[in-house]
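Chain letters run A, B, ... following the sequence lines, proteins first and then strands; every chain starts at 1.
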Number of protein chains: 2
Amino acid sequence: MYHQSSPMIRAGARSSADAAILGGPATLASIFAGQVIERLDAGEALFWQGDAARDLFEVVTGALRTVRVLSDGRRVITGFLFAGDVVGVSLKDRYLATVEAIAPTEARRLRRHHFEDLIERRPSLRPQLIEHLCDEMTAAQEQVVLLARKSAEERVASFLLSLVHRRYGQPHPGYRLFLPMTRLDVADYLGLTIETVSRIMTRLVSRDIIANQGRFIVIKRPAALAEIAMDDDDGDLAEAFAS
Amino acid sequence: MYHQSSPMIRAGARSSADAAILGGPATLASIFAGQVIERLDAGEALFWQGDAARDLFEVVTGALRTVRVLSDGRRVITGFLFAGDVVGVSLKDRYLATVEAIAPTEARRLRRHHFEDLIERRPSLRPQLIEHLCDEMTAAQEQVVLLARKSAEERVASFLLSLVHRRYGQPHPGYRLFLPMTRLDVADYLGLTIETVSRIMTRLVSRDIIANQGRFIVIKRPAALAEIAMDDDDGDLAEAFAS
DNA sequence: CGCTCTCTTGAGCCACGTCAAAGGGTGTGG
DNA sequence: CCACACCCTTTGACGTGGCTCAAGAGAGCG
């Protein structure tokens, strides 16, 4: 809107996506199949909050953060994106947040009107679209619960577990989790400060629940982490058995 | 799921909604036109978190809260619902939160499969559905920003303003805002305690920004409230003019 | 080897939570 | 019509979890 647009070159061509789709399996991700891959360095933005929402993207490799900034500079990260994720589906006319690469990233761009055409022509995509939006909604709700009522330690534990689940499923003890984002990113995601995140992490290390290997975290005792995180699925079960 | 279902009687009949729709204006709200009105007293639940998501509802009169509870009893309110609002559109197979009446409430029930049929048969409803989901997403994002980075005073100011905007638009000085929910509800919505909410309110009163008239709040100086709230729309504008 | 950027660690402080008690308001029963 | 009970709200005194400020310690990189 008031910012210059993303530093990437070559708008996604109209391409052979149609053909690919009209014969293919027609999953949400597959509709990006024919699109040109665009590259971003760490720190570059895919788009800015307030920009006209002209495109959707599929992340091919790398990692990104979705950022919102208050007028006085306070920063909030509302989510992280990894390979396979699709961005920009919140089909307002303007993007709700800035999306920046955390690490070198590759993404495919799809024009929004093109996307909408496809949704129109391929009814089987619709439930997937709805489901995608509902998944985003679920994640947002979970984040609201975390921010409204969880302690710093619970937030960090929840964060680590949610990353593990997203990238792996149920972790076995010793699972090695890659954290491409900085402590500042984590802090801005969890509504904490760098220092607090750091202190909590070292506390978890000293309790032998995780280990710190540079940009990797080893999940030594997933069960302990889940207990700290107050995963409310477990909670509901506990409630159910109690009554 | 593990709870007994809502205390309401009479499931929404299959009714004349079809007829009404296939000839009518086909807005999301209008598809509830033919449905029987069901009544709830304050405190009764429309449905419970985890219940099979069989129905959608349109609020006719009254007010409700959407509640999530952690295993140890900590409570989070993720939103409030008023006349005209539609609930249950997050079409997962289970409800994401419990929805309870704050005050005596009337609502119309629509079977989910019926709703999905309508969406299928009336393409003009689809963009409205998408837009509805995106509006919910926007609200959730705003709440995440509020909870992650705003102070108690900013939260209360933001809350009052958002209610005013929702029910009235831009307020004139002296606008009288009805607050059907208790301080506890407000606190659980803003991630604060009753006491903090109460203290902030009396501070705003003593600064002559609002006045307290029982269950009503008079917005005496909307501009002052907006300044406190750090409405980030304003923020972006400021940024834009600065650079 | 020095520069920069990120992360850790410590000391002190403050916004908000906790605990406690005292108002109102409203409904109910005597 | 009063008395009592109950609930919600306000207010005060005090405690504390996480923030602020400050100083190192790694770790990549030219």
Integer-rounded Å distance: [N] [atom2] and [X] [atom1]:
{"X": "B/Glu153", "N": "C/dC16", "atom1": "CD", "atom2": "P", "answer": "9 Å"}
{"X": "B/Glu154", "N": "C/dA15", "atom1": "CD", "atom2": "P", "answer": "12 Å"}
{"X": "A/Asn212", "N": "C/dC7", "atom1": "CG", "atom2": "P", "answer": "10 Å"}
{"X": "A/Met181", "N": "C/dT6", "atom1": "CE", "atom2": "P", "answer": "15 Å"}
{"X": "B/Lys150", "N": "C/dC16", "atom1": "NZ", "atom2": "C1'", "answer": "18 Å"}
{"X": "A/Arg203", "N": "D/dG18", "atom1": "CZ", "atom2": "C1'", "answer": "10 Å"}
{"X": "A/Gln213", "N": "C/dT8", "atom1": "CD", "atom2": "P", "answer": "14 Å"}
{"X": "A/Met201", "N": "C/dT9", "atom1": "CE", "atom2": "P", "answer": "12 Å"}

Residue A/Thr202, side-chain atoms from C-beta onward, closest of C/dC16, C/dC7, C/dT9:
C/dT9
Among the nucleotides C/dC16, C/dC7, D/dT20, which one has an atom lying closest to any side-chain atom of B/Thr196?
C/dC16
Would you mind telling me which residue lines up with the more 5' stretch of DNA chain C, A/Thr182 or A/Arg149, judged by nearest nucleotide?
A/Thr182
Contact summary for B/Gln49 and B/Thr98, nearest pair of heavy atoms:
N-OG1, 3.0 Å
Assign B/Leu192 to base, sugar-phosphate, or nothing according to its heavy-atom contacts below 4.0 angstrom with the strands shown.
sugar-phosphate
Using a strict 4.0 Å threshold on nitrogen-to-oxygen distance, state whether B/Glu142 and A/Arg68 make a salt bridge.
yes
Test: B/Arg74 and B/Asp188 ion pair at under 4.0 Å:
no
Of B/Arg183 and B/Arg199, the one whose closest nucleotide on DNA chain D sits nearer the 5' end is B/Arg183
Between B/Arg167 and B/Phe82, is NZ or CZ placed under 6.0 angstrom from the six-membered ring centre and within 45° of the ring axis?
yes
With side chain to side chain contact (heavy atoms under 4.5 Å, CB included) as the test, pick out the partner of B/Val87 among B/Leu56, B/Val59, B/Leu64.
B/Val59
Looking at the base of C/dC19, is there any donor atom on it, or on the side chain of B/Glu195, that sits under 3.5 Å from an acceptor on the other one?
yes
